[in-house]
Q: 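Following this message is one structure expressed as structure tokens.
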Amino acid sequence: MHIDILTVIPELLESPFQHSIMKRAQEKGLLTVQVHQLRQWAVNEYGMVDDYQYGGGAGMVMMCEPLTKAIEELSLQRKYDEIIFLTPDGENFNQKMANSLSLKENLLLICGHYKGIDERIRQHFVTKEISIGDYVLSGGELPAAILVDAIGRLLPGVLNDETSALTDSFQDDLLAPPVYTRPVDFRGWKVPDILMSGDHKKIEEWRHEQSLQRTKERRPGLSSQHD
Ligand code: ADE
């Protein structure tokens, strides 16, 4: 999979893909992420990419021209399956969306700033608008990093243990069960006996039961599907 990211602050995206699972995904050639400074396509030599909004009001708006030039130039190199704008008024990101995006070949992510981007870019180029939650961040860079991480780890071959993505929270609309590691007794806080029983079938049943209970308690909206 290839992901291009358009941003005015590429520095914010320098580190997130250089460690751990995202690093491994890239080293294995399963994922390439390219971050592009939008100011390359600025309208003047001062790097201008935003302007006052028509109708008045506080806050700048990212202009049509730099975004259009960037999208058109990048589109000459690859055909995007989705051009995604990260915005608080987009569709809420969830595991189902991550699963479905992980099946794509090429994605272009647009990080907004200031008051947002000119509506005409959304109308004419953007194919999907995604929010990572009902709160407003100062830009789309952190949401873009979250998207890449959630999608990248699902690519076949990225995780060592192929089953581990399948047992994540949310994969079955269920939260993950509790997990424990050594020691078996820490300050008198004991690991549940069942996990030491060696009975794999019983352990699976226990884990499933814990998942159901946890989901019911913490995310009743999700758990109604399991009643
Ligand atoms: N940009 C600013 N806030 C955002 C959010 N919650 N989700 C996606 N992009 C954003």
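Atoms within a ligand are numbered from 1 in the order they appear, just like the ligands themselves. Note: hydrogens, waters and symmetry copies are ignored here, and every other heavy atom, side chains too, is used.
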Q: Of all residues at least two apart in sequence or in a different chain, which pass the side-chain hydrogen bond (donor to acceptor under 3.5 Å, both in side chains) check with E119?
A: none
Q: Using a 3.5 Å cut-off on N/O to N/O, what pairs does ligand 1 make with the protein? A line per pair would be great.
A:
| from | atom 1 | to | atom 2 | distance (Å) |
| --- | --- | --- | --- | --- |
| ligand 1 | 3 (N) | L137 | N | 3.0 |
| ligand 1 | 6 (N) | G133 | O | 3.1 |
| ligand 1 | 6 (N) | Y135 | O | 2.8 |
| ligand 1 | 7 (N) | I132 | N | 3.0 |
| ligand 1 | 9 (N) | T87 | N | 3.1 |

Q: Is there side-chain contact between I83 and L109, with heavy atoms separated by less than 4.5 Å?
A: no
Q: Please write out which residues are connected to L103 in a hydrophobic cluster, directly or through intermediates, given that two of Ile, Leu, Val, Met, Phe, Trp, Tyr count as joined at side-chain heavy-atom separations below 4.5 angstrom.
A: none
Q: Just wondering, do I5 and F17 contact through their side chains at under 4.5 Å, heavy atoms?
A: yes
Q: In the hydrophobic clustering (ILVMFWY, side-chain contacts below 4.5 Å, transitive), which residues join W206, or is it alone?
A: Y180, V184, V191, I194, L195, M196, I203
Q: Between the side chains of T127 and E82, does any donor sit under 3.5 Å from an acceptor?
A: yes
